[in-house]
2 protein chains.
Amino acid sequence: MTPRDISIGLLASETGCKVQTIRYYEEIGLLPEPPRTAGNQRVYDERHVKRLSFIRHSRELGFSLDAIREMLALSDNADQPCETVDRIAKSHLDDVVEKIAQLTSLKKELQRMVKHCKGGRISECRIIEVLADHSHGHCLTDHKV
Amino acid sequence: MTPRDISIGLLASETGCKVQTIRYYEEIGLLPEPPRTAGNQRVYDERHVKRLSFIRHSRELGFSLDAIREMLALSDNADQPCETVDRIAKSHLDDVVEKIAQLTSLKKELQRMVKHCKGGRISECRIIEVLADHSHGHCLTDHKV
DNA sequence: CTTGCACCTACAGTGGCTGTAGATATTAGG
DNA sequence: CCTAATATCTACAGCCACTGTAGGTGCAAG
């Protein structure tokens, strides 16, 4: 029939995706339900490999499943303008940039904390102190969560 | 009795923590069960405010509830050396640093993607292309997830 | 005394999987 | 052809750190 029929395990190892995750993607409608063998086992083909690779790579780049769902829908309409895809990617990029800023300010605060710890007793530990009493001064970085 | 008895709502507004979250922390044993009024409502005092502030600030710094649980246990033993606290904080700092590195490499890849999108049709969209076909070349950044 | 808000318990849902149990299918070796 | 090992099947529970909901009770002000 199709040039190459593969089992779910093979699809998993080709895409670096766990078998359960593939079934999960099918359940939430990200992957189409594949045909089955007489014994009820899923049979995939090249198109599934492509679609799942798209999903996996998008996930590695941190896109949400909802964003991926939207991009997949768009990628099926080759004639449509790619504004929406561009918007999704840019918005995600903004999120990433903001997250980096947050983490960087976090890093500074943690570094200050750790630096001040002289390795003595809990009672004189700067880390505990800072955690217990954020309100008192030395708050350089106002990071929002 | 105690200098200042406060309700759960007041504790919430003083610490910037939602009421449900306070009850959740109690449920998982992070906050001690407070005494109740005759009508079964929780009554807190200054010690609860302090403990919850410690938790909230630690959470803002991204510590896990397990790490916080451990640090709280340690902070009750003023005589113990603060090695463990130091280790937890340093390990968390390491995580944050690694996360920043990951996100930075992600940012670069997203920026490259977005830059190449000329705003045409889906069929010629670089973003879709890159997502669909990660394997082909131009992979500067090998970020591990 | 009533109105309205704060509080109570118990439980379901979020995202994105991951792991488990117990049953069936397939495949490789003898 | 038979068996044993592996792969797959379904259905469901669990992870983290909450958040939200439904349906009921407590309490203070007017």
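Every chain is numbered from 1, with letters handed out A, B, ... down the list of sequences. What you see below is based on every heavy atom in this structure, not just the backbone, and it leaves out hydrogens, waters and symmetry mates.
Note: B/Asp86 CG to A/His116 NE2 = 13.0 Å, rounded to the nearest 0.5 Å.
A search for side chain to side chain donor-acceptor pair (under 3.5 Å) contacts involving B/Glu70 returns nothing, not counting sequence neighbours. With sequence neighbours excluded, no residue forms a salt bridge (Lys or Arg N to Asp or Glu O under 4.0 Å) with A/Asp94. Taking the side chain to side chain donor-acceptor pair (under 3.5 Å) definition, one finds that A/Arg59 meets it with nothing, sequence neighbours left out. B/Arg51 meets the side chain to side chain donor-acceptor pair (under 3.5 Å) test with no other residue; sequence neighbours excluded. Not counting sequence neighbours, B/Lys99 has no partner by the salt bridge (Lys or Arg N to Asp or Glu O under 4.0 Å) test. Residues forming a ring pair (Phe, Tyr, Trp, His ring centres under 6.0 Å) with A/Phe63 (at least two apart in sequence, or on another chain): A/His92. Take A/Arg121 and apply the salt bridge (Lys or Arg N to Asp or Glu O under 4.0 Å) test, not counting sequence neighbours, and it matches no residue. Contacts of A/Glu83 classified as salt bridge (Lys or Arg N to Asp or Glu O under 4.0 Å), with partners at least two apart in sequence or in another chain: none.
For residues 11-25 of chain A, every residue pair satisfying the salt bridge (Lys or Arg N to Asp or Glu O under 4.0 Å) rule, not counting sequence neighbours, is listed here: A/Arg4-A/Glu14.
Bracketed by its first and final contacts, the part of DNA chain C lying under 4.0 Å from non-hydrogen atoms of chain B reaches from C/dC7 to C/dT9 in 5' to 3' order.
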Scan nucleotides 14-18 of chain D against the protein and return all N/O pairs shorter than 3.5 Å with their distances rounded to 0.1 Å.
residue, atom, partner, partner atom, Å
D/dA17, O3', B/Arg59, NH2, 3.4
D/dC18, OP2, B/Tyr25, OH, 2.8
D/dC18, OP2, B/Arg59, NE, 2.8

Table of protein N/O atoms under 3.5 Å from nucleotides 2-9 of chain D N/O atoms:
residue, atom, partner, partner atom, Å
D/dT8, OP1, A/Ser7, OG, 2.8
D/dT8, OP1, A/Gly9, N, 2.9
D/dC9, OP1, A/Arg42, N, 2.7
D/dC9, OP1, A/Arg42, NH1, 3.1
D/dC9, OP2, A/Arg23, NH1, 2.5
D/dC9, OP2, A/Arg42, NH1, 3.3
D/dC9, O5', A/Arg42, NH1, 3.4
D/dC9, O3', A/Arg36, NH1, 3.4

